[in-house]
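Here's the structure we're looking at; comments come further down.
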Amino acid sequence: GAVVSQHPSRVICKSGTSVKIECRSLDFQATTMFWYRQFPKKSLMLMATSNEGSKATYEQGVEKDKFLINHASLTLSTLTVTSAHPEDSSFYICSARVTGGGQPQHFGDGTRLSIL
Amino acid sequence: QKEVEQNSGPLSVPEGAIASLNCTYSDRGSQSFFWYRQYSGKSPELIMSIYSNGDKEDGRFTAQLNKASQYVSLLIRDSQPSDSATYLCAVNGGPGGFKTIFGAGTRLFVKA
């Protein structure tokens with residue numbers, strides 16, 4: 001149980017392109033989903049918390065206009081990297097949590113984004 | 001002081017030995033504690049959850065929690081080279097236990 005699917009797994013695109021990443025909870029409903037970014041050999045960095053039916057909460061220093069998050073249903077959240085540039089190249093990982101306090105986060109397989 | 005602290009390592013142990021990974025946390029009201037394993041280039045995978053003081057065993061893994069000392073640990077018995085990964089400690093706290101704080105992780109190397 002508690003499977004999170006993330007798609008696509010890898011994206012290579014030109015600078016200026018917008019890229020959408022999907023995160024789905026397959027066998028549970030997730031009121032809250034999370035988006036992380038991770039550089040090689042570095043720690044997970046929380047970018048934003050995505051709440052179903054409301055605006056995402058962004059961490060300090062994360063540009064909300066650059067990283068658009070939509071959580072339209074209890075099983076789907078999307079992250080759109082708008083007008084991506086080489087410095088946006090990173091490993092993006094989503095996670096979802098079963099509704100209720102005290103529950104662990106379950107992670108998708110991640111998306112490796114490379115901007116040329 | 002970081003909210004969740006782990007020794008970054010690397011921790012190197014020989015195959016077959018016990019690997020001991022430690023984590024301390026600052027929020028005394030924390031109620032839920034988790035260990036994740038992350039292989040290089042992959043996303044984290046939940047391997048243990050623990051909610052009450054004491055030990056919890058699952059196969060070769062044992063999680064230990066001491067809320068009075070604000071300390072949680074993970075023991076890996078009979079370590080295998082395939083256990084080589086970064087291990088992340090995560091703590092749920094705050095109102096309702098909805099806030100999760102991750103440690104920076106400890107890199108473990110198991111030598112064959």
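Here is how names work: the chains are called A, B, and so on, in the same order as the sequence lines, proteins then strands, and each is numbered from 1.
- Here F34(B) contributes atom CZ and Q103(A) contributes atom CD; the two are 7.0 Å apart, rounded to the nearest 0.5 Å.
- Across all their heavy atoms, G108(A) and S43(B) have their closest contact at O-OG, 2.6 Å.
- Using a 4.5 Å cut-off between side-chain heavy atoms of Ile, Leu, Val, Met, Phe, Trp and Tyr, with links allowed through other members, M45(A) and I69(A) fall into the same hydrophobic cluster.
- Both V13(B) and L21(B) are assigned to one and the same hydrophobic cluster, defined by single-linkage of ILVMFWY side chains at heavy-atom distances under 4.5 Å.
- One finds the CG atom of N92(B) at 7.5 Å from the CD atom of Q105(A) (value rounded to the nearest 0.5 Å).
- Using a 4.5 Å cut-off between heavy atoms, A90(B) makes no contact with chain A at all.
- By the 6.0 Å contact criterion, CG on L26(A) is enclosed, its count of non-hydrogen atoms from other residues, nucleotides or ligands being greater than 12.
- Between the side chain of R112(A) and the backbone N or O of G41(B) there is at least one donor-acceptor pair closer than 3.5 Å.
- Interface residue Q38(B): only side-chain heavy atoms are found under 4.5 Å from chain A.
- Looking at Q38(A), only its side chain comes within 4.5 Å of chain B, counting heavy atoms on both sides.
- No more than 12 heavy atoms of other residues, nucleotides or ligands lie within 6.0 Å of NZ in K42(B), so this atom counts as exposed by the packing criterion.
- Between S32(B) and G102(A), the shortest heavy-atom distance links the atoms OG-CA, 3.1 Å.
- Atoms CZ and OH, from F107(A) and Y36(B) in turn, are 5.5 Å apart once rounded to the nearest 0.5 Å.
- Contact annotation for Y51(B): only side-chain heavy atoms (C-beta onward) come within less than 4.5 Å of a heavy atom of chain A.
- Applying the 6.0 Å contact sphere to NZ of K66(A) captures more than 12 heavy atoms from other residues, nucleotides or ligands.
- One hydrophobic cluster, built from ILVMFWY side chains closer than 4.5 Å, holds both Y92(A) and I115(A).
- For D109(A), the CG atom counts as loosely surrounded, since its 6.0 Å shell holds 12 or fewer non-hydrogen atoms of other residues, nucleotides or ligands.
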